[in-house]
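The structure appears below as structure tokens.
Heavy-atom basis, side chains included; hydrogens, waters and symmetry copies ignored. So you know, we letter chains A, B, ... as the sequences are listed, proteins then strands, and number each from 1. These numbers come from a predicted model, not from an experiment.
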Amino acid sequence: MTRLQSIKGMKDILPAGAAIWQHAEYAARRVLEAYGYREIRLPLLEKTEVFARSIGTQTDIVGKEMYTFTDRDGDSISLRPEGTAGCVRAGIQHGLFHKQQQRLYYFGPMFRHERPQRGRHRQFHQIGAEAVGWEGPDIDAELIALVARIWRELNLDEIVLEINSLGDLEARNKYREKLVEFLSTRASQLDKDSQHRLRTNPLRILDSKDEKTRNALADAPSILDSLDSKSRDHFESLQQHLRAFGIPFRVNPRLVRGLDYYSLTVFEWTSDRLGAQGTVCAGGRYDGLVEQLGGKPVPAVGFALGIERLVELVSNAVKGPENPDAYMVTLGSAARRAGMVLGEELRDAGLRVVCHCGEGSIKNQLKRADKSGAHVAVILGDDELASGNCIVKPLRGENKQVTVQQPDVLAAVSAFVGTSNSETDKETNR
RNA sequence: GUGAGCGUAGCUCAGUGGUAGAGCACAGGAUUGUGGCUCCUGCGGUCGUGGGUUCGACUCCCAUCGCUCACCCCA
């Protein structure tokens, strides 16, 4: 009998890790809501068509990475590989974009059948934001400033911003032709993948890691030279906004996005502490997508932030799970019952209390109490039960234990928790 | 999908062609109702799986599965 194992690329997040996730997640939520973004909760499954029509059938995501299957009704459905498509579908379906503007965000798992490696799993999680109904570039800049604030909230200062403009659909198509023309004459200098992309997704050749290909691109035409004047103004204004915000950035004319729906503004935040998958947040403008999915044409801009990657950056800068305030040590069945009731009363007052359950000598129970990280142990045995008091024993610092009447337990515990908090926080922060 | 590296105790890892080790963790004791530090003792392994070579394989060979990293792709 072989032991059961999780599916390849699907990770369990154990309690210690979950604490960091919560920390990162809530920081992001706080910031998003500070900018007026509101949460939208979306299905994990959509009709395959939702993704095929938005992300593009030529992309690897749709072509070979989606979890697609036929359900019992014979419909082709897919686990979502990203969030934007479903968000736009929902907005159209419920009329959210009808003569309205929406700042939306979502959070949750995405699925892509890729070969797992560092920073890339088959089930991974994203925080996404979509601002629908504004042409920008002010909203684009605000969106980027929002992300910068998330980094600040989490004390991350090594994440670098790159921006680019792909122009509108027309300019982008024109540039694509120019690039293909340029590269076709030197196709032999390209790596194999790029030769293939010349036919499928030529813009992606621009951010190839292959050295030969990069050399061949040395004096390729820049997309920024192909921009029409409107797109150029849009991009220039975005940069002015960012300078006004004091957000450092680098213009990278080679920066492109893998998904088909982007136009005008694209941006990417990367860290060199993440191995090969350095992009922690990326996004851009997708003015054509709402119409493409059957809505009236509405401009939109958004980003997706990879939580696993974020957590990896945050993990050494954050404290562990919240420790309990008190650990209830009880000796004998009568004391056990009284102690558990006392625990309820302490929780009523807002404390975190762990009651010892199961067997255990006082020694054993105090050992557990220490291990739990609790600030104090509350000890209740036959003697205490008989005299209506109990012992409150601080486990951190130099204070001595005290015996108090049961109605005074809350005050005694609170006193110790208050005095030892700063000290233990320092401990756990290291 | 391609390539490379690695699979030994719950965890982190040593190890040798002669039948398996440490640290941490866990349990008990020194300390009958007082944790942490120390000391002692104990528990814990089909050496990923299957096959082959060999008198003998955890070790060498083959296959397979898994993990990791990189390519590809992307957040």
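In this structure, A:Arg309 contributes its side chain and A:Gly119 its backbone to a donor-acceptor pair below 3.5 Å. No side-chain donor-acceptor contact under 3.5 Å links A:Tyr175 to the backbone of A:Ser222.
An OP1 or OP2 oxygen of B:U2 is reached within less than 4.0 angstrom by no side-chain nitrogen or oxygen of A:Lys64. At B:C74, none of the side-chain N or O atoms of A:Gln277 fall inside 4.0 Å of OP1 or OP2 (strictly under the cut-off).
Nearest-nucleotide positions on RNA chain B for A:Ile61 and A:Leu274 put A:Leu274 closer to the 5' end. Two residues, A:Ser6 and A:Gly275, neighbour RNA chain B, and the one matched to the more 5' nucleotide by heavy-atom proximity is A:Ser6.
In this structure, A:Met66 atom CE and B:G1 atom P are separated by 17 Å, rounded to whole Å. In this structure, the CD1 atom of A:Ile7 is 17 Å from the P atom of B:C65, given to the nearest Å. Rounding to whole angstrom units, CG of residue A:Asp12 and P of B:C11 are separated by 13 Å. As rounded to whole Å, 14 Å separates atom C1' of B:G3 from atom NZ of A:Lys192. Taking atom NZ of A:Lys212 as the reference point, atom P of B:C72 lies 13 Å away to the nearest angstrom. For A:Asp60 and B:C71, the CG to C1' distance is 13 Å, given to the nearest whole Å. If you measure from atom CG of A:Leu331 to atom C1' of B:U32, you get 13 Å, rounded to the nearest angstrom. A:Arg115 has its CZ atom 11 Å from the P atom of B:A4, to the nearest Å.
Contact annotation for A:Lys11: backbone-only contact, meaning every heavy-atom pair under 4.0 Å involves sugar-phosphate atoms and none involves a base. Within the nucleic acid shown, A:Gln401 comes within 4.0 Å of at least one base atom, counting heavy atoms only. Within the nucleic acid shown, A:Ile391 comes within 4.0 Å of at least one base atom, counting heavy atoms only. Residue A:Ala282 is in sugar-phosphate contact alone, with no base atom involved, counting any heavy-atom pair closer than 4.0 Å across all strands shown. Among the heavy atoms of the strands lying under 4.0 Å from A:Leu395 is at least one base atom, whether or not backbone atoms are also near. Residue A:Lys8 is classed as a sugar-phosphate contact, given heavy-atom separations below 4.0 Å to backbone atoms only. Across all strands, A:Ile127 comes closer than 4.0 Å to no nucleic acid atom at all (heavy-atom distances).
Applying the side chain to side chain contact (heavy atoms under 4.5 Å, CB included) criterion to A:Ser78, with sequence neighbours excluded, gives A:Thr48, A:Phe51, A:Met66, A:Thr68. Judged as a side chain to side chain contact (heavy atoms under 4.5 Å, CB included), and not counting sequence neighbours, the contacts of A:Glu49 are A:Arg53. In this structure, A:Arg368 has no salt bridge (Lys or Arg N to Asp or Glu O under 4.0 Å) partners at least two apart in sequence or on a different chain. Listed by chain and residue number, A:Leu183, A:Ser194, A:Arg197, A:Leu198, A:Thr213, A:Leu217 satisfy the side chain to side chain contact (heavy atoms under 4.5 Å, CB included) test with A:Ile205 (two or more places apart in sequence, or in another chain).
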Do nucleotides 23-28 of chain B as a string where each nucleotide becomes B, S or -: B if the base has a protein heavy atom under 4.0 Å, S if just the sugar-phosphate does, - if no protein is that close.
--SSSS

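Going from the C1' atom of B:G7 to that of B:G56 covers 24 Å, rounded to whole Å. Spacing of P atoms, B:U31 relative to B:U68, comes out at 49 Å, to the nearest Å. For the C1' atom pair drawn from B:G42 and B:A9, the interatomic distance equals 15 Å after rounding to whole Å. Rounded to a whole angstrom, the distance from the C1' atom of B:C62 to that of B:A27 is 44 Å. Rounded to the nearest Å, the gap between the C1' atom of B:U59 and that of B:G15 is 9 Å. Taking atom P in both B:G10 and B:G45, the straight-line distance is 7 Å, to the nearest Å. B:C58 sits 13 Å from B:A14 when the C1' atoms are compared, rounded to a whole Å. Rounded to whole Å, the P atom of B:C67 lies 15 Å from the corresponding atom of B:C11.
Under the Watson-Crick or G-U wobble criterion, with both distances below 3.5 Å, B:U31 has no partner in any strand shown. Taking a pair to require two hydrogen-bonding distances under 3.5 Å in either a Watson-Crick or a G-U wobble arrangement, B:G56 remains unpaired. Look at B:C37: it lacks any Watson-Crick or wobble partner with both distances under 3.5 angstrom. In this entry B:C43 has no Watson-Crick or G-U wobble partner, no candidate having both defining distances under 3.5 Å. Across all strands shown, B:C11 forms a Watson-Crick or G-U wobble pair, both distances under 3.5 Å, with B:G23. Both distances falling under 3.5 Å, in either a Watson-Crick or a G-U wobble arrangement, place B:A70 opposite B:U2. With a 3.5 Å ceiling on both atom-pair distances, the Watson-Crick or G-U wobble partner of B:A63 is B:U49.
Residue A:Arg112 qualifies as enclosed at atom CZ: its count of foreign heavy atoms under 6.0 Å is above 12. For A:Glu153, the CD atom counts as densely surrounded, since its 6.0 Å shell holds more than 12 non-hydrogen atoms of other residues, nucleotides or ligands.
On a pure distance criterion of 3.5 Å, a polar donor-acceptor pair joins the side chain of A:Asp370 and the base of B:G35. A donor N or O paired with an acceptor N or O is not found under 3.5 Å between the base of B:U34 and the side-chain atoms of A:Gln365. Residue-to-nucleotide contacts include no donor-acceptor pair under 3.5 Å from the side chain of A:Arg204 to the base of B:C72. Counting atom types as modelled, A:Lys363 pairs no side-chain N or O with a base atom of B:U34 as donor and acceptor under 3.5 Å. Between the side chain of A:Arg118 and the base of B:U68 there is no donor-acceptor pair of N/O atoms closer than 3.5 Å. Contact annotation: side chain of A:Gln5 to base of B:C65, donor-acceptor pair absent below 3.5 Å. Judged by distance alone, with hydrogens and angles left aside, A:Glu384 brings a side-chain donor or acceptor within reach of the base of B:G33, the pair sitting under 3.5 Å. For A:Arg120 and B:C72, a side-chain-to-base donor-acceptor distance below 3.5 Å is present, hydrogens and geometry of angles not being considered.
Geometrically, A:Arg29 engages A:Phe107 in a cation-pi contact, judged by NZ or CZ lying under 6.0 Å from the ring centre and within 45° of the ring axis.
Checked against a 6.0 Å centroid threshold, the rings of A:His375 and A:Phe416 do not count as neighbours.
Each ring pair (Phe, Tyr, Trp, His ring centres under 6.0 Å) pair with one or both residues in residues 125-164 of chain A, not counting sequence neighbours, appears once here: A:Trp21-A:His125, A:Trp151-A:Trp269.
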